[in-house]
Number of protein chains: 2
Amino acid sequence: MAYTQNVTDSCLPECGVARFLALLNGPWATLVVRELLSGTRRFTELRDALPGISPHTLTNRLRQFEKYGIVVRTAYPEIPPRVEYRLTPLGEGLRDVLDAMNTWALSIPEPVPAQ
Amino acid sequence: MAYTQNVTDSCLPECGVARFLALLNGPWATLVVRELLSGTRRFTELRDALPGISPHTLTNRLRQFEKYGIVVRTAYPEIPPRVEYRLTPLGEGLRDVLDAMNTWALSIPEPVPAQ
DNA sequence: CAGAATCCTGTGTGATACTG
DNA sequence: CAGTATCACACAGGATTCTG
């Protein structure tokens, strides 16, 4: 396993946890999903909602999600262009996972590490 | 935010999801937790249960978990040495998150990407 | 057995500039 | 607006060797 498992041209791992990690890899991926859980978003809206993310990274994550069927990209042939991203039902299913993360984080006693 | 947010010498992010990502960073971290959810494990047992992980990486993850109060390390002064790792109550709380990941992964229709 | 030390690599990401 | 292109970097991780 390299830094990130190559899932592009191979099948997903057996273990569900490993599958999740293979698809939502990197620090930004899950945060992008978090934003999309609020509803359909445009490229700029996502970028603005995720302070620090570069267009390069945002594009990469969205493209990957699209490929895996987590996100649907809709481009409107207008000028200026308008593109909207929304979660598929599969992507919507990630809400439970993110909720679990959130719930767990609330159980952290201190602003760890309390040193 | 660098590649991975530096949480070592700063406070955790506000958002729970971001907190989770800051503490369980990298592809191996969550898998180590997955193994420990089955019970106390020795160093070698973890290494063997995680095919491909290097002692270097395993050590790093365990040390980080220890620092964050997710894992407790117990060294027995024997020869040969014996060291056991077990989850703290905080670490046990991660079970719900991993379960959610697993459940979600089961909803993936195909061995994505089907092609 | 349970690592520590050293060196190296892969890749997610950042910064900046540019385009249809 | 919604990206793409290019260069460069930080850090998780791998391989190997070695030790109390």
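Lettering of chains follows the sequences in order, A, B, ..., and the numbering in each one begins at 1.
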- Query: Please give, in whole Å, the distance from C/dG3 P to B/D48 CG?
  - Reply: 14 Å

- Message: By nearest atom, which of the nucleotides D/dT4, C/dG12, C/dA4 is closest to the A/P27 side chain?
- Response: C/dG12

- Going 5' to 3' through nucleotides 15-20 of chain D and flagging B where a protein heavy-atom sits under 4.0 Å of the base, S where only the sugar-phosphate is that close, and - otherwise, we get B----B

- Calculate the interatomic distance between B/R82 atom CZ and C/dA2 atom P; express it in whole Å. 9 Å

- Message: Please evaluate residues A/W104 and B/L23 with respect to the criterion side-chain contact (heavy atoms from CB on, under 4.5 Å), reporting the C-alpha separation (whole Å), side-chain torsions for both, the decisive distance (0.1 Å), and the verdict.
- Response: CA-CA 12 Å; A/W104 176 79; B/L23 264 47; 3.8 Å; yes

- Task: Quickly work out the B/L46 CG to C/dC1 P distance and round it to whole Å.
- Result: 14 Å

- Message: Restricting to non-hydrogen atoms, name the atom on B/L62 and the atom on B/F43 that form the minimum distance, rounded to 0.1 Å.
- Response: CD1-CD1, 4.2 Å

- Item | Worked verdict on B/N60 versus B/Q64 for side-chain contact (heavy atoms from CB on, under 4.5 Å) | CA-CA 6 Å; B/N60 283 353; B/Q64 185 176 351; over 6 Å; no

- Message: Going by side-chain hydrogen bond (donor to acceptor under 3.5 Å, both in side chains), name the pairs with one or both residues in residues 32-54 of chain A, residues two or more places apart or in two chains.
- Response: A/S54-A/T57

- Query: Rounded to whole angstroms, how far apart are CD1 on A/I79 and P on D/dG3?
  - Reply: 15 Å

- Note on the structure: In this structure, OG1 of A/T30 is separated from CE of A/M101 (nearest 0.5 Å) by 5.0 Å

- To the nearest 0.5 Å, what is the distance between CG (B/L46) and CG (B/L31)? 11.5 Å

- Under-4.0 Å side-chain N/O to phosphate OP1/OP2 contact, B/T57 with D/dG14: yes

- Does C/dG3 have OP1 or OP2 sitting under 4.0 Å from an N or O in the side chain of B/R63? yes

- Item | Atom-to-atom span, CG of A/L62 to C1' of C/dG12 - whole angstrom | 15 Å

- Query: At under 4.0 Å, does any side-chain N or O of A/R47 touch on OP1 or OP2 of D/dG3?
  - Reply: no

- Rounded to the nearest 0.5 Å, how far does CD1 of B/I70 lie from CG of B/L90? 5.5 Å

- Message: Using the side-chain heavy atoms of A/R73, tell me which of these nucleotides is nearest: D/dA2, D/dG13, D/dT4.
- Response: D/dA2

- Message: Surrounding CD1 of A/I79 (heavy atoms of other residues, nucleotides or ligands, distance under 6.0 Å), is the total greater than 12?
- Response: no

- Task: List in numerical order all residues of residues 35-45 of chain A for which some heavy atom is under 4.0 Å away from an atom belonging to DNA chain D.
- Result: A/R42, A/F43, A/T44

- Evaluation steps, side-chain contact (heavy atoms from CB on, under 4.5 Å), between A/L94 and A/F20: CA-CA 10 Å; A/L94 287 167; A/F20 175 91; 3.7 Å; yes

- Query: In chain order, what residues pass the side-chain contact (heavy atoms from CB on, under 4.5 Å) check against B/T103, with sequence neighbours excluded?
  - Reply: none

- Under 4.0 angstrom between A/N25 side-chain N/O and C/dG12 OP1 or OP2: yes

- Do B/F65 and B/V33 come close enough that some side-chain heavy atom pair is under 4.5 Å? yes

- Is the distance from OP1 or OP2 of D/dG3 to the nearest side-chain N or O of A/Y85 less than 4.0 Å? yes

- Write down the distance between CD (A/Q64) and C1' (C/dT11), rounded to a whole number of angstrom. 12 Å

- Item | side-chain hydrogen bond (donor to acceptor under 3.5 Å, both in side chains) contacts touching residues 79-99 of chain B (sequence neighbours left out) | B/R73-B/Y85, B/Y76-B/E84, B/E78-B/R82, B/R82-B/E84, B/E92-B/R95

- Message: Between the opening five pairs and the closing five pairs of the helix from C/dC1-D/dG20 to C/dG20-D/dC1, how far apart are the helix axes, to 10°?
- Response: 50°

- Task: To the nearest Å, give me how far apart CG (A/N60) and P (C/dT11) are.
- Result: 13 Å

- Given atom CG of A/L58 and atom P of D/dT4, what is their separation to the nearest angstrom? 10 Å

